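Report on the following structure.
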2 protein chains.
Amino acid sequence: MEAARRVLEAEGPSALSLRAVAREAGVSPAAPYHHFKDKAELLDAVAHEGWEMLQLAMIEAKARTDRSQHLTALGIAYVCFARDYPALYRVMYDAARDKEALPMDVEDANPENGNAYCMVRDTMIEHGADPSAETHLELATVAAWCGAHGLAEMAGFKQFQHLKDELGGERAFLDAVFRHMGLFPTQAHDC
Amino acid sequence: MEAARRVLEAEGPSALSLRAVAREAGVSPAAPYHHFKDKAELLDAVAHEGWEMLQLAMIEAKARTDRSQHLTALGIAYVCFARDYPALYRVMYDAARDKEALPMDVEDANPENGNAYCMVRDTMIEHGADPSAETHLELATVAAWCGAHGLAEMAGFKQFQHLKDELGGERAFLDAVFRHMGLFPTQAHDC
DNA sequence: TTCACATCTGAGCGCTGTACAGATGCCATT
DNA sequence: AATGGCATCTGTACAGCGCTCAGATGTGAA
């Protein structure tokens with residue numbers, strides 16, 4: 001799995017073949033099959049690690065931010081994670097799409113925080129959402145998650161470079177878009 | 001390209017190999033290379049058709065909806081397109097990510113409407129956005145696009161099935177999420 | 001000492017994207 | 001009518017891929 005992570009970071013997701021991972025690990029092409037049923041299972045495992053990393057990044061972002069800015073901080077941390085590990089982020093969502101499910105069972109990294117999705121929901125409550133209005137709460141969480149994911153995928157596109165320039169950098173751009181989503185209070189610090 | 005579309009719809013994006021397309025078209029595996037530089041160029045062409053189709057769907061949605069509901073209608077049409085052509089939608093964004101750019105040059109289908117992205121911006125203006133505040137306008141457009149794209153990718157996930165059930169169907173769910181995004185006025189009709 | 005088990009190898013199958021030399025058929029020019 | 005250029009297609013080939021399987025190796029428990 002370390003080999004897989006190295007290949008992914010160095011060569012991108014399209015180069016992440018079982019054989020390449022085996023080469024990187026210095027073993028024969030058949031060796032990985034004694035640890036993973038097939039390629040998809042290896043990718044699942046890599047993706048799982050990715051969700052753990054994302055959760056840790058979000059925990060950290062929350063920890064170093066004012067309570068009033070927690071939601072924005074989570075959004076920013078989310079988008080920055082996707083920017084810093086684009087290949088991994090893609091593997092994570094490719095696996096999710098194949099299963100038609102977000103991996104809401106990732107709680108290994110820091111169980112008391114549940115998982116990344118739960119963190120968003122809990123932060124909604126912190127910000128005044130009514131926890132007894134479950135449907136409403138979950139809709140708000142989904143909406144925020146959609147916004148963050150959408151922005152994560154758009155933020156790297158060249159068309160929006162001029163917006164970053166006009167607004168004074170990437171961070172200002174992300175803040176501004178989140179503000180326009182109407183879900184997030186605004187202005188925190190670096191990511 | 002017809003063969004490519006057929007393979008894509010029938011077998012999904014992972015089965016969309018040049019050789020499969022050639023087989024479907026009844027031609028040798030080398031034949032496509034006289035029309036496309038490589039596989040990526042074929043996929044680009046397929047993706048381009050996809051953006052045209054999306055634009056047409058959005059034009060139609062706008063045409064059959066009250067002016068006050070145009071923005072929601074676009075969002076719903078967008079998400080429904082992604083639901084109805086999931087393989088094509090994936091090819092479209094795979095190509096976009098490779099280029100790190102949305103194809104904002106797709107204006108063939110209906111030039112007077114520009115393209116899908118422009119339609120969203122124009123509809124923002126219809127709804128009262130100030131066209132002279134260009135940065136603000138574009139941020140609002142980006143935010144809406146991000147929300148729609150995010151929802152398009154999430155809407156099929158199993159975790160949210162119970163929300164659809166509780167709210168009385170997929171359409172109600174989409175409406176509700178859009179409402180929570182704060183960008184969209186609400187309630188239109190079918191898609 | 002023996003046996004079970006986890007791990008790994010090497011060869012091999014059918015698939016893929018891509019390259020290239022040559023065939024075919026059509027269209028414009030002479 | 002004959003010629004030549006050009007677009008299109010074929011057949012073959014190569015390296016790389018996911019995956020399978022029979023057998024080798026080593027390690028810990030009985």
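First the proteins, then the strands, lettered A, B, ... as listed; each starts at 1. Quantities reported herein were computed from a predicted structural model and do not represent experimental measurements.
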Problem set entry | Sub-6.0 Å ring centroid separation between A:Trp145 and B:Phe157 | no
Exercise. Rounded to whole angstrom units, what separation is found between the CZ atom of B:Phe36 and the P atom of C:dT18?
Worked result: 13 Å
For this session: Using atom OH of A:Tyr33 as one end and atom P of C:dC8 as the other, report the distance to the nearest whole Å.
Result: 15 Å
Exercise. Counting side-chain heavy atoms from C-beta on, which of D:dT10, C:dC8, D:dC17 comes nearest to B:Ser28?
Worked result: D:dT10
For this session: Return the value, rounded to whole Å, for the distance between atom CZ of A:Arg19 and atom C1' of C:dT9.
Result: 13 Å
Exercise. For A:Arg23 and C:dT9, what is the distance between atoms CZ and P respectively, to the nearest whole Å?
Worked result: 14 Å
For this session: Return the value, rounded to whole Å, for the distance between atom CG of A:Leu42 and atom P of D:dC17.
Result: 14 Å
Exercise. Given B:Arg90 and A:Asp98, is the salt bridge (charged side-chain N to carboxylate O under 4.0 Å, His left out) satisfied, shown in steps?
Worked result: CA-CA 12 Å; B:Arg90 204 152 157 181; A:Asp98 285 347; 3.8 Å; yes
For this session: Measure from CD on B:Glu41 to C1' on C:dG17 and round the result to the nearest Å.
Result: 14 Å
Exercise. Any ion pair linking A:Glu126 and A:Lys62 (charged N to carboxylate O, less than 4.0 Å)?
Worked result: yes
For this session: Please tell me which of A:Pro32 and B:Ala30 maps to the more 5' nucleotide of DNA chain C, matching each residue to the nucleotide holding its nearest heavy atom.
Result: A:Pro32
Problem set entry | Residue that, paired with A:Trp51, satisfies ring-ring contact (aromatic ring centres under 6.0 Å, His included) out of A:Tyr117, A:Phe81, A:Tyr93 | A:Tyr93
Exercise. Looking at C:dT18, C:dC20, D:dT8, which one has an atom nearest to any side-chain atom of B:His35?
Worked result: D:dT8
Exercise. Can you find a side chain N or O atom of A:Ser17 that sits less than 4.0 Å from OP1 or OP2 on D:dC17?
Worked result: yes
Exercise. What nucleotide, of D:dC9, C:dG10, D:dC17, holds the atom closest to the side chain of B:Val27?
Worked result: D:dC9
For this session: Report the residue (A:His34 or A:Leu18) whose heavy-atom-nearest nucleotide on DNA chain D is the more 5′ of the two.
Result: A:Leu18
Seminar exercise, completed: Checking C:dT18, D:dT10, C:dG12 against the side chain of B:Lys39 (C-beta onward), the nearest is C:dT18
